[in-house]
Each structure stands twice: as C-alpha cells, then as structure tokens.
Amino acid sequence: MGLGLRSPHKAGRQFPIGGKRGRGAKGSGRPPRGREQHPRPPADRGSERTQDAHPHLSPEALGYFRQALSALKEAPEAGEERELMVHNVLKEVEAQALALATNRTGSEMLQELLGFSPLKPLCRIWAALRSNLRFVACHRCGVHVLQSTLLQLPRLLRNTAEEKEEEEEEENGKDGSLETLEELVLGLASEVCDDFLFYCGDTHGSFLVRTLLQVLGGTLLESERARPGGSKSSETQSVIAREYKPTDFEVPEAFLNCLQNLSSCFLKDIAVFITDKISSFCLQVALQVLHRKLPQFCAYLYNAVIGYLSTRSSSAAGSPLLLFLRDQTSSRLLEQVLLVLEPPRLQSLFEDHFQGQLQTLAAHPIANFPLQRFLDSISTPELLSPVFEELSPALEAVLAQGHPGVVIALVGACRRVGAYQAQVLQLLLEAFHCAEPSSRQVACVPLFATLTAYEVYYELTEEEGAVPSEHQVEIATARTLGEVTVLGSLLLQHLLHFSAPGLILRSLGSLTGPQLLALAQSPAGSHILDAILSSPSVTHKQRRRVLKALKGQYVSLACSRHGSRVLDAIWNGAALGTRKEIAAELGEQNQELIRDPFGHHVARNVALTTFLKRREAWEQQQSAMAKRRRALNSVLED
C-alpha cells in the first residue's frame, strides 16, 4: 500500500519569480546621442497643458523624461551638477505631473524619478496630483505614482528638518503657501476619509488606502509591497507571505491620531469590509498596522469583526463563524484577525467557535488556511493541549488531502510552546509510513523533505494489510534525493529546533555525500542545513557528524548559488582545523573557483590565495579572527 501525500506537481516546487512589470524593463526607444549632458526640455510642453480632464503626454515629452532619468542614473551621487539636474527635471515633472502619472510608461518613469526628489519638489508634485485625487487614485497607472509618493516619506521624514532650514535660507519665505509634508499627508487622509467606502471599494483606489494606512502608522508591510508571484501554489504563497518582516519608521504623533480616525471608518460599514473582496484588503492591512502601533484600537476593531460574524444566521453544523471561514473573502480577513488576537481572546474563540470542528476545517480547501493562522498564533500549553488532542488523529488524512500547511503549523506550535514534540514526531513517522519497522525511521528526512510516503518515494508495491518491508540501505544510498519542497523544508526546520532532534540528525547522517550536496544546493533544502547550524538543540558533535559527508563536495558546494551560502555558514562556525580541511580541498581547484561566479566569492571569503602562498600568515589571520569572534560572543552572551 502506498500513499502519495501530494502529487509531484503540487509538491511545493520552486518556480522562478515573474519578471518586473515595467520598472525593470528597458524602454524600446533610446534617447538620441548628443554632446549635451543635460537633457533638453520638450519645446511644446506648454501646449500639452490643456484644460482636458484626461491630459496626454507627447512623444517628445516622453523622450525627454526617459533621457532625463537615464542621465540621473549615470550622474555622480552628489554634487552641484546633480542637484541642478534634479531641480530642472523635477520642475518639468511638476508642469506635467498629471499627464505623466496617467501614462503607462510615464508613470513608471515618474515613480523612479520620485526616488531622486528632495522634499520641496516632491511636495509640489504631490500638490499637483492632489487637485485631481479621485481621477489619479482610481487610474490603473496613477495610483502607483501616489503609492510611490507616499513611500518616499520614510526617507524624507528623516531629512525634513535639514531641508526646511535650507529652503528657508534659499527662498526667504517666497513659497510660504506651499503645504508641508505633514499637512499634505493629513490632507490626503482627510479626503480619503470623506469618501472612504468609495476608495476602499475601487480596484485601484484600495491600493492608495492600504499604503496610506501603512504610512500613517509608520509601518511598511513587506507582504503588501512585494506579494508572492501567482505561479506558486497557495500553500507556498502562504508560507512566503509569513516570512516577510515589516519595516518601522518614526512618524509625527498627528499621523497616529489620523490613523485611528481613518480606521474608525471601517466600523461604519463593517459588513461591506467583511464581505467585499476589494474593501476587505484595506481592513486586513489596517489590522496589521494597528496591531503594531495601536494595539488597543486593534482589539476594538477585531472584536467588531468577530462580533458581526458571530451574530449572523447560525448553521446546523455549529457556530455561524464557521460559514465565513469557508468563504474566500471572509476567510482572508479572518486570517489576519487570528494573527493579531491576544492569547485570552484566542482561547475564547477556540472554545466558542472552533472546538470540535478542527478536523472539518483542516479538510476544507479554503477553511484550512485560517486554521493554519490559528495554529500559528497558539502560544500557551492551555490552548495547544485541546487543539493537539483533536487534530493529531487526522494528521495522515490532512496530508493525503493536500493540506500539509496545517500539519506544519501544528508542528510549529509544538516547537514554540515546547510541548507534544515526541508525540507529533511519532505521528509524522506513522503518516509517512516509516514508523514500523524501526529500520525505516532512518529514511524520514528524504520523506519529510519531499512530502512523500515511504512506498511512493522508493517506488514499492505493497498490498494492503501486508507486513511492511525492512528498509533497504543499498537502495536508499543508490537513490538520488527527490525534489525538496518549501513546506517539507519548513517541517524539517521545525523538527531540528525540537528539544530532542536526535532521530532527524541520524537520518541526515545516513545521507550520502551526493545526497547531502543536493540538499544543500536546493533553494528550499539549503535552509535545512541552516537549521542544523543554528539550532541550539544540535550539539557541536552532532553537527560535525552530519556535515562530514560533505567532505569531497566542497568545490561543488562553492560553485552553487545556494550551496555557496551554506558553505559560508559552515565556514563561519568552523574551528581552525576544519577550516584547514575546507581550504585545502578548495585549493586543489583554485582556478575553477576563481572562474565561477559563486566560487570566487567563497575563495575570497576563505582567503584562498593567502592559504596557498603564505600558509603561516593565513593561520595567524584565522586565529586572530577566531579570538575576535569568541570575544564578541562572550560580550553578546553577557
């Protein structure tokens, strides 16, 4: 009997990230060659500024801005010449801001030009766009310009005081009517607040609201700025999104007050923001920002969400909340709610709504995602205990249904809380059909990494009810390592951080050199090696026992994109004796390393040339570095 936990095409395969849309692509037309270093403004720009509601950008103007952007990129980073060039270009941008923002190519160039802008020109450009806010915010290109303008705030707020002083000295109050950066942001928030439901519900306008919420809170959510590509599976996207870390920056107190006022608008039409797909994204972002900056108001907001959902028509199956967990739009909102709930509120939510329904939710194609977020939020033994007792008997069934994210989230909760670790490992061995006979347990790492049952991985045909065969070491060593999945890698990383990872380490130690090399060279598998090197549960002796299989593979490791990063990590934690062994093996292929795009970085990190030509000086250098590292570690420990 064989059970394929996931079919090969759903095994979390790493697909290449899609190419950039516009910004990274080069324009088809190049600026004409000429002797002038500064691009010349288009002669007819005045005629372009008509009173039309939809201004158009002439080919001449487009060519000028393309040439200007190219010149700015090539100019020195500082100096009067660059400042003059930036001033002249942005003056032209101000005159044609609306036309640029609503032109596909022009908006992409304008977004890049905003990155060069000092405070005052950016305020002028912003003011020019504000006069047509609804049109620009709801335009497919214009809204991204507004987003880029807002995202300049972290840079500009740091330099506001200096720039204000310079402006006062240079202008002597000539532009006193110009709004300050703070006034512009608050003014924009006020306009959005006046028509909040419209902007949140518009496909393009919602992007502006989401960015505005982040800027007001002084928190940029990476998951919003760089969403995972659509070619990845839903499970893999979910994992990647969770890996992004927010970036915080200082904002005026008025921004936080405005954030609270703006967020209170959600309460007026809470039903719309829960059920409408576009509007719901804005509420999700608000919950994330408020959780970091205004936790009390965040609690007020998520209580309103749960209160509304809990009072809808009940179903025979249980709580009315369960209906919304199965809905595509509402479930995404509930994922964010579950991530920001405090432990007591999470315990109450489980007891009132989730208890007795976990296996049903785990099997559902949509509801399993909010269940994963619920498991991610568990931080107390009191909550983990009933959850584990209810969900653990269905582990194999959940894997067979193609929802490994639920299992990994449960394993992560066991790691985080420090409970049920031995039990969940035993259940995993049983689910992957490698618990009995015990000789199969040594094969658990390839099975977990590829999310494949024992019979499927080794292509065995066993009849149902037959006694499982013993593990064949010869077959296992001759087989190449299967494709490591993102989720399988994450599972092993959790297991390596358990308090007793001995079985996982024995399984890793049974891999042959080529198999361990394939693991280290894999985009997902390389993180398993990182976990071996970083886990406090893995002793130095255990680490050496696993990594010794890489002897003879160091050159191949160094010449790999992901393997070279693993080798750097091994090198950084290695003693002098181990470093000598690595350097000696790499030195035999010095020329190959130097020619390789990844290998030459490793050779430089190892100081391979010094090792080959001046061995004694190399050893002194390495000893001195080891002493400095030990001294730094002792300081950090204190």
Side-chain angles (χ1 to χ4, degrees), residues 3-7 10-12 228 232-243 317-318 321-322 324-328 330-332 334-339 341 346 349-350 353-379 383-417 419-421 423-433 447-453 485-495 497-498 524:
L3 172 65
L5 301 180
R6 296 187 71 184
S7 58
K10 290 180 67 180
K232 298 181 178 64
S233 70
S234 298
E235 293 277 358
T236 305
Q237 285 189 20
S238 178
V239 171
I240 293 174
R242 276 180 279 166
E243 293 298 313
L321 191 66
L322 300 177
F324 293 96
L325 287 170
R326 299 181 177 96
D327 176 71
Q328 186 98 33
S330 302
S331 66
R332 288 183 178 272
L334 283 168
E335 285 186 49
Q336 292 303 327
V337 171
L338 290 166
L339 287 173
L341 283 177
L346 196 68
L349 189 72
F350 169 71
H353 303 284
F354 287 7
Q355 198 161 22
Q357 301 292 332
L358 296 185
Q359 292 188 21
T360 303
L361 295 175
H364 195 273
I366 295 174
N368 81 90
F369 290 104
L371 176 59
Q372 290 177 45
R373 301 297 81 74
F374 169 72
L375 296 170
D376 287 339
S377 301
I378 294 176
S379 59
L383 180 54
L384 179 60
S385 181
V387 168
F388 186 84
E389 294 298 328
E390 182 178 338
L391 198 53
S392 58
L395 232 59
E396 183 173 353
V398 172
L399 288 166
Q401 288 158 352
H403 301 155
V406 174
V407 176
I408 292 161
L410 181 63
V411 174
C414 294
R415 167 190 169 182
R416 195 165 50 251
V417 177
Y420 297 99
Q421 294 182 356
Q423 294 93 317
V424 79
L425 178 57
Q426 180 62 32
L427 289 169
L428 286 170
L429 293 174
E430 293 172 4
F432 284 84
H433 302 174
L447 307 183
F448 292 168
T450 57
L451 293 181
T452 313
T485 69
V486 173
L487 295 169
S489 171
L490 191 59
L491 174 60
L492 283 167
Q493 290 172 56
H494 285 320
L495 294 173
H497 280 84
F498 276 13

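Side-chain atoms are counted along with the backbone in the values below, which use heavy atoms only and exclude waters and symmetry mates.
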Enquirer: Let's go through Val337 and Leu349 carefully: what are the C-alpha distance in whole Å and the side-chain angles of both, what is the deciding distance for side-chain contact (heavy atoms from CB on, under 4.5 Å) to 0.1 Å, and is it a yes or a no?
Expert: CA-CA 11 Å; Val337 171; Leu349 189 72; 5.9 Å; no

Enquirer: Can you measure from OG (Ser377) to CG (Leu383) and round to the nearest 0.5 angstrom?
Expert: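 Nearest 0.5 Å value for the OG-CG distance: 9.5 Å.
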
Enquirer: What residue among Leu447, Thr452, Thr450 forms side chain to side chain contact (heavy atoms under 4.5 Å, CB included) with Phe432?
Expert: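 Among Leu447, Thr452, Thr450, the one meeting side chain to side chain contact (heavy atoms under 4.5 Å, CB included) with Phe432 is Leu447.
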
Enquirer: Quick one: pull up CG in Leu395 and CZ in Phe388 and give me the separation to the nearest 0.5 Å.
Expert: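 Spacing of CG (Leu395) from CZ (Phe388) equals 7.5 Å.
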
Enquirer: Side chains of Gln493 and Ser489: is there a donor and an acceptor less than 3.5 Å apart?
Expert: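 Their side chains do contain a donor-acceptor pair, which is all the 3.5 Å distance test asks for.
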
Enquirer: Test side-chain contact (heavy atoms from CB on, under 4.5 Å) on Phe498 and Val424 and set out the steps.
Expert: CA-CA 11 Å; Phe498 276 13; Val424 79; 3.7 Å; yes

Enquirer: How many angstroms lie between CG in Leu391 and CG in Leu427, if you round to the nearest 0.5 Å?
Expert: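 Going from the CG atom of Leu391 to the CG atom of Leu427 covers 10.0 Å.
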
Enquirer: To check you understand the geometry: which heavy-atom pair defines the closest contact between Ile378 and Leu346, and what is its length?
Expert: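 That closest heavy-atom pairing would be N-CD2, 4.1 Å.
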
Enquirer: How long is the span from the CZ atom in Arg326 to the CG atom in Leu321, to the nearest 0.5 Å?
Expert: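 Atom-to-atom, Arg326:CZ and Leu321:CG are 10.0 Å apart.
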
Enquirer: Taking His433 for the side chain and Ala453 for the main chain, is one N or O donor matched with an acceptor at less than 3.5 Å?
Expert: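 Side chain of His433 to backbone of Ala453, a donor-acceptor pair under 3.5 Å: no, none is there.
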
Enquirer: Please confirm whether the backbone N or O of Val411 pairs with a side-chain atom of Arg415, one donor and one acceptor, at under 3.5 Å?
Expert: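 No; zero donor-acceptor contacts below 3.5 Å.
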
Enquirer: For the pair Leu428 and Leu495, evaluate side-chain contact (heavy atoms from CB on, under 4.5 Å) and give the outcome as yes or no after the intermediate values.
Expert: CA-CA 11 Å; Leu428 286 170; Leu495 294 173; 4.1 Å; yes

Enquirer: Do Glu396 and Glu430 touch side chain to side chain, with heavy atoms closer than 4.5 Å?
Expert: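 Contact flag for Glu396/Glu430 side chains = no.
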
Enquirer: Asp376 and Gln372: side-chain donor and acceptor closer than 3.5 Å?
Expert: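 No - no donor-acceptor pair under 3.5 Å links their side chains.
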
Enquirer: Is it the case that the side chain of Glu390 and the backbone of Leu358 share a donor-acceptor pair, with hydrogens and angles ignored and the cut-off at 3.5 Å?
Expert: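 The answer is yes, because a donor-acceptor pair under 3.5 Å joins these two groups.
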
Enquirer: For Ile366, is there any backbone N or O sitting under 3.5 Å from a side-chain donor or acceptor partner on Gln328?
Expert: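 Looks like no, no N/O pair under 3.5 Å.
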
Enquirer: Would you say Arg373's side chain and Leu334's backbone share a donor-acceptor pair under 3.5 angstrom?
Expert: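 No; zero donor-acceptor contacts below 3.5 Å.
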
Enquirer: List the steps, then state whether side-chain contact (heavy atoms from CB on, under 4.5 Å) holds for Ser331 with Phe369.
Expert: CA-CA 8 Å; Ser331 66; Phe369 290 104; over 6 Å; no

Enquirer: Would you call the rings of Phe374 and Phe354 parallel, tilted or perpendicular if under 30° counts as parallel and over 60° as perpendicular?
Expert: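 Ring orientation of Phe374 relative to Phe354: perpendicular.
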
Enquirer: Just how far is it from atom CD1 of Ile408 to atom CG of Leu487, taken to the nearest 0.5 Å?
Expert: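 One finds 4.0 Å between CD1 of Ile408 and CG of Leu487.
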
Enquirer: Val417 and Ser379: which non-hydrogen atoms are nearest, and at how many Å?
Expert: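 Val417 and Ser379 have their closest heavy atoms at CG2-C, 3.9 Å.
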
Enquirer: Quick one: CG on Leu410 to NE2 on His494, what's the gap to the nearest 0.5 Å?
Expert: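 Nearest 0.5 Å value for the CG-NE2 distance: 10.0 Å.
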
